[in-house]
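Taking it in order: structure first as structure tokens, then the write-up.
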Amino acid sequence: MRLTQDQIDTFNREGWLLLPELFTPEEVNLLRHEALEIYKEHRPEVWREKNGAPRTAFAAHTYNEAFRLLGAHPRMIEPIEQVFGEKLYMHQYKINAKSAFTGEVWQWHQDYGTWKRDDGMLQPRAMNISVFLDEVMPINGPLMLVPRSHNAGDLKASHDLQTTSYPLWTLDEETVTRLVREGGIVAPTGKPGSMLMFHGNLVHGSAGNITPYPRKIVYLTLNAVSNYIRTPTRPDFIAHRDFTPIETVDDDALVRLARAHRQAAE
Ligand code: SIN
Ligand code: MN
């Protein structure tokens, strides 16, 4: 799958791009079901909120077949190869739960801030792409983006080890206020299966979810192979050390797995 020149121009200008309903209900239902199974597991890759609800599951492509296929899916890999003009490897993979009633805040941050400081990534040549597993609504803690903030470069940040269960290099209120004055805030919403890509320096965050509607989103961070991380400090399941270029699977791979699961259940 290739992006149009218009889509590439929009991405370069705004720092993000939404492709509505890129994955079908059959494909997303499989992924949603598998995510719920993973959250039940007690393993080091599954992190919980301070209240015990699942917050994120790391590295699911290494222990779950459906998420392995998603991580090598041509609808996700090809557009990013097109943007960077080279092969990619998986830097990070997480399924964020933002559970009904209990999902907690993600403070304002740039992802490249963490990749650089904690992982030794040379340049912001890694892309975040996310697939909505539930409907993302204005009310259930959507991801909020500050358009055009990717042009601000790598901003001063401080290491927040307190507010949530996840350590993050976060931005101060003055910086966020200045960037929002220039670019505003958008919160892309959409049906399950929609795909959002955003630049590693784009400022983003999300509020808590106090609604009965869960908001699960899968985030892949695809890094250009030449930009592999030099001085990782985080565990391997958070910042991967396998820099093997991703080879894509067939476009119908998820549909075939969904059908195989259904047949096995009959
Ligand atoms: C992130 O910024 O990595 C996650 C934010 C979210 O899931 O709302
Ligand atoms: Mn982030």
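Please read all numbers here as calculations on a predicted model, not as lab measurements. Residue numbers run from 1 in the order of the sequence given. Indexing begins at 1, ligand by ligand and atom by atom, following the structure's order.
- Remark: ligand 1 and His109 share an N or O pair separated by less than 3.5 Å (distance only, no angle test).
- Of the protein's heavy atoms, Tyr219 OH, 3.2 Å lies nearest to atom 6 (C) of ligand 1.
- Taking 4.0 Å as the cut-off between side-chain N and carboxylate O, Glu27 and Arg75 count as a salt-bridged pair.
- With ligand atoms numbered from 1 in the order given, ligand 1 contributes 6 (C), 8 (O) to contacts under 4.0 Å with heavy atoms of Ser206.
- Residue His109 approaches the Mn ion (ligand 2) most closely through its N/O/S atom NE2.
- Seen from the Mn ion (ligand 2), atom OD1 on Asp111 and atom NE2 on His204 lie at an angle near 100° (rounded to 10 degrees).
- Judged by a 6.0 Å distance limit and a 45° cone about the ring axis, Arg117 is positioned over the six-membered ring of Trp169.
- Between the side chains of Asn151 and Arg148, no donor N or O sits under 3.5 Å from an acceptor N or O.
- The pair Lys87-Glu247 meets the salt-bridge criterion, since a charged nitrogen lies less than 4.0 angstrom from a carboxylate oxygen.
- Remark: ligand 1 atoms within the under-4.0 Å shell around heavy atoms of Leu143 are 5 (C), 6 (C), 8 (O).
- A salt bridge does not link Asp134 to Arg215: none of the charged nitrogens lies less than 4.0 Å from a carboxylate oxygen.
- Note: His199 and His150 have tilted aromatic rings, judged against thresholds of 30 and 60 degrees for the angle between ring planes.
- Under the 3.5 Å distance criterion, with hydrogens and angles disregarded, a donor-acceptor pair is assigned to the side chains of Asn223 and Tyr89.
- With respect to atom 4 (C) of ligand 1, the closest heavy atom belonging to the protein is Asn96 ND2, 3.2 Å.
- At a heavy-atom distance under 4.0 Å, only side-chain atoms of Arg215, from C-beta outward, approach ligand 1.
- Set against the non-hydrogen atoms of Lys94, the atoms of ligand 1 under 4.0 Å away are 3 (O).
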